[in-house]
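All remarks here apply to the structure that follows.
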Amino acid sequence: MMLQAANAVRGAVPATMRPAGSSSLLLTENQQWIGGPPPLMDKLSPRERELVLKQGRRKVLNRGQTLFSQGGKHDGIWLIESGRIRVFYTSPLGREITLAYWHVGNFVGGPEVFEGTVHQWSGVASSNCSVVHLPGKELRSLAAEIPNLAIGLIEGLTFKGKCYSALAQMLGTRSITQRLAHLLLHLVELYGVEDADGTVIAAAFTHADIAHMVGATRQWVTISLKRMQEKGIVLTKRSQIVVCRTDVLEEMRGQASD
């Protein structure tokens, strides 16, 4: 698994062979965005990948460890080799909203990718991770030297901008219940494993994690999932959520455009 993850960053492993759950997790109604942006290094030749990684500094993080902090000094980006990075914004009152979970092959640290500013949000490891830091000065030189790297940065930032715009639209136009139903269906698509009782979401997300994604409180999520369980829509099983009625969740989230 670790070898596959490292290879994915280098663009050496086809998408169908990447580790399960390697797609990015973000709240969007556009099904074409669910898989996340193309890995940054995919279009680079072996020599170009080697040049880029030579300038990088590898860092290993344990689950829960902060990679960068909102308001902290910014310098470059991080390529994700393995694991999952949660990116989130914290309001002046301390409320958090998750922007996305980025996986193998993605980069985090934007929207600025070079140096000289501060971080607009924070990034934390939601699982044990390995990342490669590309400092801003070196990244600027590499982007000027390797056109496909510059294009990859532009494509990645464009994708992230669209996703964060879509998140703002969902928060402003969809009810919390609709967003929760939408997220559960999204989790089924990314992490679903068939079970005798339905489809198990085979990934560890706490009620607080879900709350941060849909813009609610942990207590609201707990109560809502309990009500869904009473109606036979979901089932809590060994600290995991089993979705029993995807058809009901489809009705709950309403009509979503592609």
Side-chain angles (χ1 to χ4, degrees), residues 1 4-5 15-36 63-64 82-88 96-104 106 124-129 163 166-167 170-171 174-258:
M1 180 72 75
Q4 286 181 332
T16 54
M17 293 178 61
R18 288 182 186 142
S22 63
S23 295
S24 299
L25 173 58
L26 38 100
L27 200 60
T28 174
E29 293 178 336
N30 192 322
Q31 297 299 306
Q32 295 177 352
W33 296 351
I34 285 179
R63 180 179 180 182
S82 65
R84 183 173 65 202
I85 300 291
R86 172 181 172 245
V87 175
F88 63 95
E96 290 183 10
I97 182 71
T98 295
L99 302 177
Y101 285 84
W102 299 110
H103 292 64
V104 173
N106 297 149
V124 64
S126 62
S127 65
N128 294 341
C129 295
C163 291
L167 172 61
M170 285 198 73
L171 292 173
R174 293 285 183 138
S175 70
I176 304 178
T177 299
Q178 286 177 314
R179 297 197 297 266
L180 176 59
H182 185 84
L183 177 62
L184 290 174
L185 288 168
H186 190 5
L187 291 173
V188 164
E189 183 162 352
L190 288 179
Y191 303 105
V193 176
E194 292 306 312
D195 181 83
D197 297 311
T199 304
V200 179
I201 297 174
F205 290 100
T206 67
H207 289 186
D209 292 334
I210 293 173
H212 290 150
M213 280 188 271
V214 300
T217 64
R218 181 188 59 77
Q219 292 87 346
W220 183 91
V221 169
T222 299
I223 292 171
S224 296
L225 290 175
K226 182 178 180 182
R227 288 174 179 168
M228 287 184 183
Q229 179 161 312
E230 291 171 351
K231 296 178 181 179
I233 302 170
V234 301
L235 175 66
T236 301
K237 187 176 181 181
R238 295 190 296 275
S239 300
Q240 289 183 317
I241 298 173
V242 182
V243 175
C244 308
R245 296 289 305 276
T246 56
D247 58 329
V248 177
L249 288 178
E250 289 281 4
E251 293 176 4
M252 289 175 63
R253 76 171 173 179
Q255 183 64 38
S257 59
D258 287 335

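Applying the salt bridge (Lys or Arg N to Asp or Glu O under 4.0 Å) criterion to Arg63, with sequence neighbours excluded, gives no partner residue. With sequence neighbours excluded, no residue forms a salt bridge (Lys or Arg N to Asp or Glu O under 4.0 Å) with Asp209. The side chain to side chain contact (heavy atoms under 4.5 Å, CB included) test applied to Val248 returns Ile233, Arg245, Met252, not counting sequence neighbours. Under the side chain to side chain contact (heavy atoms under 4.5 Å, CB included) criterion, Gln219 pairs with Thr217, sequence neighbours left out. Residues meeting the side chain to side chain contact (heavy atoms under 4.5 Å, CB included) test with Ala125, sequence neighbours left out: Leu61, Ile85, Cys129.
Leu184 CG to Thr199 OG1: the interatomic distance, rounded to the nearest 0.5 Å, is 11.5 Å. A distance of 9.5 Å separates CD1 in Ile223 from CZ in Arg218, rounded to the nearest 0.5 Å. Separating the CZ atom in Arg253 from the OG1 atom in Thr177 is a distance of 14.5 Å, to the nearest 0.5 Å. In this structure, Leu171 CG and Ile176 CD1 are separated by 9.5 Å, a value rounded to the nearest 0.5 Å. Taking CG of Leu225 as the reference point, atom CG of Leu235 lies at 11.0 Å (rounded to 0.5 Å). Rounding to the nearest 0.5 angstrom, the gap separating the CD1 atom in Ile210 from the CD1 atom in Ile241 is 4.0 Å.
The two atoms that bring Ser224 and Leu180 nearest to each other are CB-CD2, 3.8 Å, heavy atoms only. The two residues Gln240 and Ile201 come nearest to each other via the heavy atoms NE2-O, 3.8 Å. Taking all atoms of both residues into account, the shortest heavy-atom contact from Thr98 to Leu167 is O-CD2, 3.7 Å. Minimum heavy-atom separation, Ala202 to Val193: CB-CG2, 3.7 Å. Annotation for Cys244 and Gly232: closest pair CB-O, 3.4 Å, computed over non-hydrogen atoms.
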Exercise. Please step through side-chain contact (heavy atoms from CB on, under 4.5 Å) for the pair Met213 and His186, ending with a clear verdict.
Key: CA-CA 12 Å; Met213 280 188 271; His186 190 5; over 6 Å; no
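Side-chain N or O atoms of Ser127 include one that pairs as donor or acceptor with a backbone N or O of Arg84 at under 3.5 Å. Remark: side-chain polar atoms of Arg179 are paired, donor with acceptor, to backbone N or O of Arg174 under 3.5 angstrom.
Sorted by first and then second residue, the ring pair (Phe, Tyr, Trp, His ring centres under 6.0 Å) pairs involving residues 207-243 (not counting sequence neighbours) form an empty list.
Between Tyr191 and His103, the ring planes are tilted. Angles from 30° to 60° get that label.
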